[in-house]
Trainee: 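Sharing a structure with you now.
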Amino acid sequence: MTESQKYLSRTHTCGELNENHTGKKVTLSGWVDRRRDHGGLIFIDLRDRYGKTQLVFNPQRNREMYESAKELKPEYVIAIEGIVQKRPEDALNPNLATGKIEVSAENLQIFNEAKTPPFQITDNNDASEELRLKYRYLDLRRSEMQRNIILRHRLSQVVRNYFNSQNFIEIETPVLMKSTPEGARDFLVPSRLHKGRFYALPQSPQTYKQLLMVAGFDRYFQITRCFRDEDLRADRQPEFTQIDVEMSFVDENAVLAVMENLMSAVYKELFNINLQTPLPRIGYRETITRYGIDRPDLRFGLEIQTVTGLVSGTEFRVFNDAIAGDGVIAGLSVPGGAEFSRKQVDELNRIVQEAGGKGLLPLKVKEGKLQGGAAKFLSETQMQKLTGQFSANEDDLILLAAGETDLTYKVLGVLRTHLGNQLNLIDRSRNELLWVVDFPLLEYDEEEGRYVAMHHPFTSPKPEDIPLMGTDPGAVRARAYDLVLNGTEIAGGSIRIHRRDLQQKMFKLLGIGEEEAKEKFGFLMEAFEYGAPPHGGIAFGFDRLAMILAGRKSIRDVIAFPKTTSAISLMDGAPSSVDEKQLAELGLKIDVPEIEKENE
RNA sequence: GGGGUCGUAGUUCAAUCUGGUUAGAGCGCCGGCCUGUCACGCCGGAGGUUGCGAGUUCGAGUCUCGUCGACCCCGCCA
């Protein structure tokens with residue numbers, strides 16, 4: 001029947017028919033979503049990416065159609081020709097865009113039958129992610145996933161339109177590039193023409209976009225894939241997408257303003273939300289002391305207070321040791337926390353210790369006084385000042401931590417995030433964007449015994465801090481900035497070094513010798529000698545941005561074909577071993593004791 | 001590299017703590033009935049190497065060890 005039949009070409013999608021089409025002869029195609037067989041009457045929901053439309057097979061209207069509808073099972077791919085008719089008044093479906101009409105079938109074409117899928121293609125899908133990933137093409141049929149992917153598409157369109165309207169040029173940069181030191185592990189690609197040599201996949205197009213600035217493309221952007229061979233997380237995949245941006249003849253303010261306008265366009269176009277700009281800016285040091293993290297979630301308070309001076313001069317060793325060790329005493333106040341059970345407080349203590357801290361000193365606010373192990377060391381005045389600084393009220397719980405400065409703030413940051421979630425303090429309807437600025441240029445890497453770039457080696461130091469490069473490298477601040485949305489870093493960038501001498505100084509600080517610098521970055525250094533403009537830029541984590549905008553907890557939900565936390569593609573089995581012939585062509589030998597057998 | 005949660009029917013889970021008869025339920029699937037359903041309804045049925053391997057035991061889904069896999073976190077991710 002299907003072979004001899006003329007191909008039925010759709011005239012409409014499954015999401016667009018309404019009462020105005022009543023009486024029209026139409027053809028729809030799509031997947032059978034559900035069949036409701038009443039014996040004497042069969043309903044079928046036909047689904048495509050635009051929506052669902054109810055088909056009705058009435059034996060009194062068309063006996064043959066009715067009989068053939070009995071064969072139809074979920075996920076069959078069909079075309080149906082029929083007449084649009086209004087539904088009876090008492091059989092409307094207000095939950096469906098097409099719920100006022102139905103199509104009475106007159107002609108059916110089955111393009112393809114379908115096996116029973118391993119999980120049902122429904123919105124309230126509870127299949128395991130493992131199964132969804134293995135059958136990703138089925139998972140992607142679900143409207144929830146389609147919404148995510150379509151939102152991602154709309155986001156990329158807004159981005160392209162915005163940058164185009166602002167005179168930016170989209171330029172593609174190589175995916176096969178030179179392996180560079182510093183940063184993440186590279187994915188390597190062997191070369192057949194040059195055996196024993198390797199390309200690297202870009203961790204980001206950083207050097208290329210700087211060279212484009214030297215070339216005079218003073219406003220560049222690209223939505224591009226980046227690769228980092230590191231361990232995965234809910235918000236980290238080995239390949240991910242960046243919105244990469246670079247501008248010439250700009251300072252921080254110009255870059256930030258362009259990006260704020262981009263975010264305004266995104267919220268306006270996608271959600272019709274007017275974003276308040278300019279966005280707040282907070283210094284790195286300040287965000288650490290207030291939130292214990294460089295990407296604070298501003299959707300809730302619970303700010304950290306530093307009380308080192310306030311509790312000095314006591315007999316309490318924990319405080320005095322911290323002070324003597326040049327550390328801090330800081331904490332936060334939990335509203336109503338005095339009612340926590342012993343077990344709950346122990347749990348918080350455990351979290352702090354897991355994060356590397358020594359522990360917490362809990363102080364309950366009861367009848368205007370503080371209760372707890374540390375309380376007996378505090379004078380009446382100190383207690384009052386403490387409750388004052390924390391703005392603590394009756395039955396609140398002040399949690400203090402004492403110790404080395406960076407660690408103490410870090411553990412309090414972990415504690416703050418935990419409490420924000422546990423106590424449901426996070427207002428999920430809010431979108432809290434902010435800039436974190438004035439990052440340190442370098443951080444000391446204990447393992448390597450040298451300074452490493454906090455951002456990357458091309459980040460410019462603040463001009464007034466350049467003299468410190470020789471004397472106190474750790475104190476040098478960078479012209480770097482991060483954009484943070486609801487506690488997630490969604491973009492990071494900097495004003496770059498554009499002079500060879502300063503770049504060389506930077507390499508030297510990083511322990512990259514002149515030879516190595518020449519060998520790895522000689523092309524960039526040379527370019528700087530032919531007239532490099534001052535420039536700077538930024539890169540957005542496109543997947544993370546899409547994830548947050550889609551209200552998801554994992555970037556896997558906004559990536560069509562993501563990998564598992566062990567970097568495997570469950571659908572196609574990548575990575576896989578290759579045959580000897582391929583290896584021989586590349587001049588490669590595998591030196592792994594036991595190559596794991598691929599499943600299937 | 002480290003820590004944690006999980007792995008039982010096609011699927012989502014129960015039975016595991018406290019070892020003991022035939023490993024249950026919802027959804028799906030198959031068959032039957034049903035002309036206004038839309039998560040249709042009703043009746044019946046099929047469906048299991050309890051991830052894999054070893055050990056303890058008279059006896060293991062259950063306890064122990066190993067291993068594989070998924071997910072979350074730390075390290076790592078300029």
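Heavy-atom basis, side chains included; hydrogens, waters and symmetry copies ignored. Note on naming: letters A, B, ... go to the chains in the order of the sequence lines (proteins, then strands), and numbering restarts at 1 for each one.
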Trainee: Applying a 3.5 Å limit to both distances, which nucleotide forms a Watson-Crick or G-U wobble pair with B/U57?
Mentor: none

Trainee: For A/E443, which contact category applies under a 4.0 Å heavy-atom criterion: base, sugar-phosphate, or nothing?
Mentor: nothing

Trainee: In terms of heavy-atom contacts, does CZ of A/F240 have more than 12 from other residues, nucleotides or ligands at under 6.0 Å?
Mentor: yes

Trainee: Check if the side chain of A/E102 and the base of B/G36 share a donor-acceptor pair of N or O atoms closer than 3.5 Å.
Mentor: yes

Trainee: Does A/L92 reach a base, just sugar-phosphate, or nothing at all? Heavy atoms under 4.0 Å.
Mentor: base

Trainee: Could you check whether A/P117 gets within reach of a base, just the sugar-phosphate, or nothing at all, counting any heavy atom under 4.0 Å?
Mentor: nothing

Trainee: Of the options B/C29, B/A70, B/U35, whose atoms approach the side-chain atoms of A/I568 most closely?
Mentor: B/A70

Trainee: Quick one: label A/S566 by what it contacts on the DNA or RNA (base, sugar-phosphate, nothing), any heavy atom closer than 4.0 Å.
Mentor: sugar-phosphate

Trainee: Would you mind classifying the nucleic acid contact of A/E354 as base, sugar-phosphate or nothing, using non-hydrogen atoms under 4.0 angstrom?
Mentor: nothing

Trainee: Identify whether any heavy atom of A/D37 sits under 4.0 Å from a base atom; if not, whether one sits that close to sugar-phosphate; answer base, sugar-phosphate or nothing.
Mentor: base

Trainee: Are A/H498 and A/F528 close enough that their ring centers fall under 6.0 Å?
Mentor: no

Trainee: Atom CZ of A/R87 and atom P of B/U35: how far apart are they, to the nearest Å?
Mentor: 19 Å

Trainee: Should A/S460 and A/R496 be marked as a side chain to side chain donor-acceptor pair (under 3.5 Å) after you check the CA-CA gap, both sets of side-chain angles, and the distance that decides it?
Mentor: CA-CA 5 Å; A/S460 176; A/R496 327 297 184 187; over 6 Å; no

Trainee: Give me the distance, rounded to whole Å, that separates B/C27 from B/U18 when you measure between the P atoms they each carry.
Mentor: 34 Å

Trainee: Flag yes if more than 12 heavy atoms outside A/R350 fall under 6.0 Å of its CZ atom; otherwise flag no.
Mentor: yes

Trainee: With hydrogens left out and only the distance checked, is there a donor-acceptor pair under 3.5 Å joining A/R228's side chain and the base of B/C76?
Mentor: no

Trainee: Assign A/P118 to base, sugar-phosphate, or nothing according to its heavy-atom contacts below 4.0 angstrom with the strands shown.
Mentor: sugar-phosphate

Trainee: For A/F521 and A/F507, take the angle between the two ring planes, folded into 0 to 90°, and tell me which bin it lands in: parallel under 30, tilted 30 to 60, perpendicular over 60.
Mentor: parallel

Trainee: Counting side-chain heavy atoms from C-beta on, which of B/C71, B/U37, B/C29 comes nearest to A/R556?
Mentor: B/C71

Trainee: Can you find a donor-acceptor N/O pair under 3.5 angstrom joining the side chain of A/R35 to the base of B/U37?
Mentor: no

Trainee: Using a 4.0 Å heavy-atom cut-off, does A/S128 contact any base of the nucleic acid, only the sugar-phosphate backbone, or nothing at all?
Mentor: sugar-phosphate

Trainee: From the list B/G36, B/G75, B/C71, which nucleotide is the closest neighbour of the side chain of A/D231?
Mentor: B/G75

Trainee: Report the residue from A/D438, A/L468, A/L441, A/V476 that forms a side-chain contact (heavy atoms from CB on, under 4.5 Å) with A/K462.
Mentor: A/D438

Trainee: Taking the side chain of A/Q54 as its heavy atoms from C-beta onward, which of B/U11, B/G36, B/U35 lies nearest to it?
Mentor: B/G36

Trainee: Using the C1' atoms only, state how far B/U5 lies from B/C77, rounded to an integer number of Å.
Mentor: 24 Å

Trainee: What is the pairing partner of B/U62, taking Watson-Crick or G-U wobble pairs with both distances under 3.5 Å in any strand?
Mentor: none

Trainee: Base, sugar-phosphate, or nothing: which does A/I42 touch, judged by heavy atoms less than 4.0 Å apart?
Mentor: nothing

Trainee: Rounded to whole Å, how long is the line connecting atom NZ of A/K134 with atom P of B/G51?
Mentor: 16 Å

Trainee: Quick check: on RNA chain B, is the nucleotide nearest A/T116 upstream (toward 5') of the one nearest A/N95, or the reverse? Name the residue that is more 5'.
Mentor: A/T116

Trainee: Please tell me which of the listed nucleotides, B/C73, B/C29, B/G36, lies nearest to the side chain of A/D90?
Mentor: B/G36

Trainee: Does A/R36 make a side-chain N or O approach to OP1 or OP2 of B/A39 shorter than 4.0 Å?
Mentor: no

Trainee: If you check the A/H38 side chain, which of B/C40, B/C71, B/C29 turns out closest?
Mentor: B/C40

Trainee: Between A/D346 and A/K343, is the closest basic N to carboxylate O distance under 4.0 Å?
Mentor: no

Trainee: Under 6.0 Å from the six-membered ring centre of A/Y135 and within 45° of its axis: does the NZ or CZ of A/R141 meet both?
Mentor: no

Trainee: Regarding A/D126, tell me which of base, sugar-phosphate or nothing describes its non-hydrogen contacts under 4.0 Å with the strands shown.
Mentor: sugar-phosphate

Trainee: Of the options B/U35, B/C71, B/C38, whose atoms approach the side-chain atoms of A/T564 most closely?
Mentor: B/C71

Trainee: Under 4.0 Å, counting only non-hydrogen atoms across every strand here, what does A/T565 touch: a base, just sugar-phosphate, or nothing?
Mentor: base

Trainee: Under 4.0 Å between a side-chain N or O of A/R34 and OP1 or OP2 of B/C40?
Mentor: yes

Trainee: Regarding A/F119, tell me which of base, sugar-phosphate or nothing describes its non-hydrogen contacts under 4.0 Å with the strands shown.
Mentor: nothing

Trainee: Regarding A/K73, tell me which of base, sugar-phosphate or nothing describes its non-hydrogen contacts under 4.0 Å with the strands shown.
Mentor: sugar-phosphate

Trainee: If you only use heavy atoms from C-beta on, which nucleotide in B/C74, B/G28, B/U37 is closest to the side chain of A/Q120?
Mentor: B/G28

Trainee: Taking pairing as Watson-Crick or G-U wobble with both contacts under 3.5 Å, can you name the mate of B/A70, or confirm there isn't one?
Mentor: B/U5

